[in-house]
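Working notes, structure below.
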Amino acid sequence: MASRAKRGSRVGARRWVRRIVMTALALALVPVVLTVLYAPSFVHPVSTLMLKDLATFSGYERRWVSLDDVAPVLANSVIMSEDGQFCFHHGIDLGELRGVVDDALAGEATRGASTITMQTVKNLFLWSRPLASLRKLAELPLAVYFDAVLSKRRILEIYLNIAEWGPGIYGIEAAAQYHFGVSAKNLTRRQAALLAVTLPNPYERNPAKPGPGLRRLAHLIERRAAKSGGYVGCLQ
C-alpha cells in the first residue's frame, strides 16, 4: 500500500510539473503569435499598462496615428533621445549591453541599455515591477524576434502609439493634444524635443511645464535631432 501511495505521489508530481511546463510554453508563445498579428498597419496594439487601466476602471486616452501623420522631427527626437542606434541594431544594442555588464562586474552603477525595441516588447507583453531582472531576461530574445519580424518603421509606429506621456495619456497623438493642444503632425521642434525627454519619467516630467533641467535636455535633443541624418535613415 505504501509503495502504491509513493508511486501515486510521484505520478501526481510529474503531472503537475508537466502542466506547469505546458502553461509556461503557452505563455511564451503568446508574444510570438501576437508579434505576427501586429505586423499589418491596420492593427492597433494596446500595452499591458493600458489593459491594467481598463481592468482597474481607470480609463485612458489614446488616439492611434500612423507614422506618416507624425511630425518627422518627433520621430527623430525620440530616436536621438531614447536609442541613437535604433536603425543599426537588431533589437539589442550590444555595445550598450556590454557596457552595462562591465559596469556591473566592476561594482559600478549601471546605466540603462534598453532600446526602443526592448521598450516596445516590454510595454506590449511584459511588466514593469516586480522581478525587473527576470523581465529583462525575457526582453532580450523577444526584442531580437520582434526586430526580425517587423520593420523599423512599424516598431517605431507601435512604440509611439503605446508609450505613456502622463497618467492615462498613451500615444503621441493624445500626448500632443493634451500637452500642447496640437496634432502630432504639427509639433514644433521644441515641442517634439520636450516630449522626447519626458518619456523616461512621464509621471514626474511635464513637457508643457518644463523645469530648467528638462529645458536643457530638450535643447540638447533638439540639436541632435536636427543633425540626425543617417541615424534615422531606416524611417525613409
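Fair warning: this is a prediction, and the values are worked out from it, not measured in the lab.
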Within one Ile-Leu-Val-Met-Phe-Trp-Tyr cluster: [X] and [Y], side-chain cutoff 4.5 Å:
{"X": "Leu124", "Y": "Leu37", "value": "yes"}
{"X": "Leu199", "Y": "Ile116", "value": "yes"}
{"X": "Val78", "Y": "Val73", "value": "no"}
{"X": "Leu220", "Y": "Leu187", "value": "no"}

Heavy-atom side-chain contact between [X] and [Y] under 4.5 Å:
{"X": "Trp64", "Y": "Glu157", "result": "yes"}
{"X": "Leu194", "Y": "Phe180", "result": "yes"}
{"X": "Thr120", "Y": "Tyr38", "result": "no"}
{"X": "Tyr203", "Y": "Glu164", "result": "yes"}
{"X": "Arg223", "Y": "His219", "result": "yes"}

> For Asn206 and Thr198, what are the C-alpha separation, side-chain angles and deciding distance, and is it a side chain to side chain contact (heavy atoms under 4.5 Å, CB included)?
Replying inline: CA-CA 7 Å; Asn206 186 337; Thr198 299; over 6 Å; no
Show me the donor-acceptor pairs within less than 3.5 Å that the side chains of residues 42-54 make with the rest of the protein, sequence neighbours left out.
residue, atom, partner, partner atom, Å
Ser47, OG, Leu49, N, 3.4
Ser47, OG, Met50, N, 3.1
Thr48, OG1, Asn123, O, 3.2
Thr48, OG1, Leu126, O, 3.0
Asp53, OD2, Tyr170, OH, 2.8

> Does atom CZ of Arg215 have more than 12 heavy-atom neighbours, drawn from other residues, nucleotides or ligands, at distances under 6.0 Å?
Replying inline: yes
>> Tell me whether Tyr178 at atom OH has more than 12 heavy atoms from other residues, nucleotides or ligands lying less than 6.0 Å away.
In response: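 Count not over threshold, so no.
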How close do [X] and [Y] get, heavy atom to heavy atom, and via which atoms?
{"X": "Ser228", "Y": "Ala225", "answer": "OG-O, 2.8 Å"}
{"X": "His179", "Y": "Trp165", "answer": "NE2-O, 2.9 Å"}
{"X": "Glu173", "Y": "Ala184", "answer": "OE1-N, 3.0 Å"}
{"X": "Thr35", "Y": "Leu150", "answer": "O-CD2, 3.8 Å"}
{"X": "Thr115", "Y": "Asp93", "answer": "CG2-N, 3.4 Å"}
{"X": "Pro207", "Y": "Leu195", "answer": "CG-CD2, 3.8 Å"}

Would you say the side-chain atoms of [X] pair up with the backbone N or O of [Y], donor to acceptor, closer than 3.5 Å?
{"X": "Tyr145", "Y": "Val32", "value": "yes"}
{"X": "Asp83", "Y": "Ser114", "value": "no"}
{"X": "Arg153", "Y": "Leu235", "value": "yes"}
{"X": "Glu222", "Y": "Ala193", "value": "no"}
{"X": "Arg189", "Y": "Ala226", "value": "no"}
{"X": "Arg205", "Y": "Pro210", "value": "no"}
{"X": "Thr117", "Y": "Ala143", "value": "no"}

Could you grab the distance from atom [atom1] of [X] to atom [atom2] of [Y], nearest 0.5 Å is fine?
{"X": "Ile79", "Y": "Leu74", "atom1": "CD1", "atom2": "CG", "answer": "10.0 Å"}
{"X": "Met118", "Y": "Leu142", "atom1": "CE", "atom2": "CG", "answer": "10.0 Å"}
{"X": "Ile162", "Y": "Arg62", "atom1": "CD1", "atom2": "CZ", "answer": "8.0 Å"}
{"X": "Phe86", "Y": "Asp147", "atom1": "CZ", "atom2": "CG", "answer": "7.5 Å"}
{"X": "Gln119", "Y": "Ile155", "atom1": "CD", "atom2": "CD1", "answer": "12.5 Å"}
{"X": "Leu156", "Y": "Asn76", "atom1": "CG", "atom2": "CG", "answer": "9.0 Å"}

> When you look at Glu61 and Gln177, which way does the side chain to side chain contact (heavy atoms under 4.5 Å, CB included) test go after all the steps?
Replying inline: CA-CA 10 Å; Glu61 180 71 21; Gln177 295 281 359; over 6 Å; no
>> Hydrogens and angles aside, do Asp69 and Ser66 bring a side-chain donor and acceptor to less than 3.5 Å of each other?
In response: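 Per modelled atom types, Asp69 and Ser66 side chains form no pair under 3.5 Å.
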>> Determine whether Lys185 and Asp68 satisfy the following criterion, salt bridge (charged side-chain N to carboxylate O under 4.0 Å, His left out), listing intermediate values before the conclusion.
In response: CA-CA 8 Å; Lys185 196 167 191 173; Asp68 292 329; over 6 Å; no
> Angle class for the Phe88/Tyr231 ring planes (parallel below 30°, perpendicular above 60°, tilted otherwise)?
Replying inline: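 Phe88 and Tyr231: perpendicular rings.
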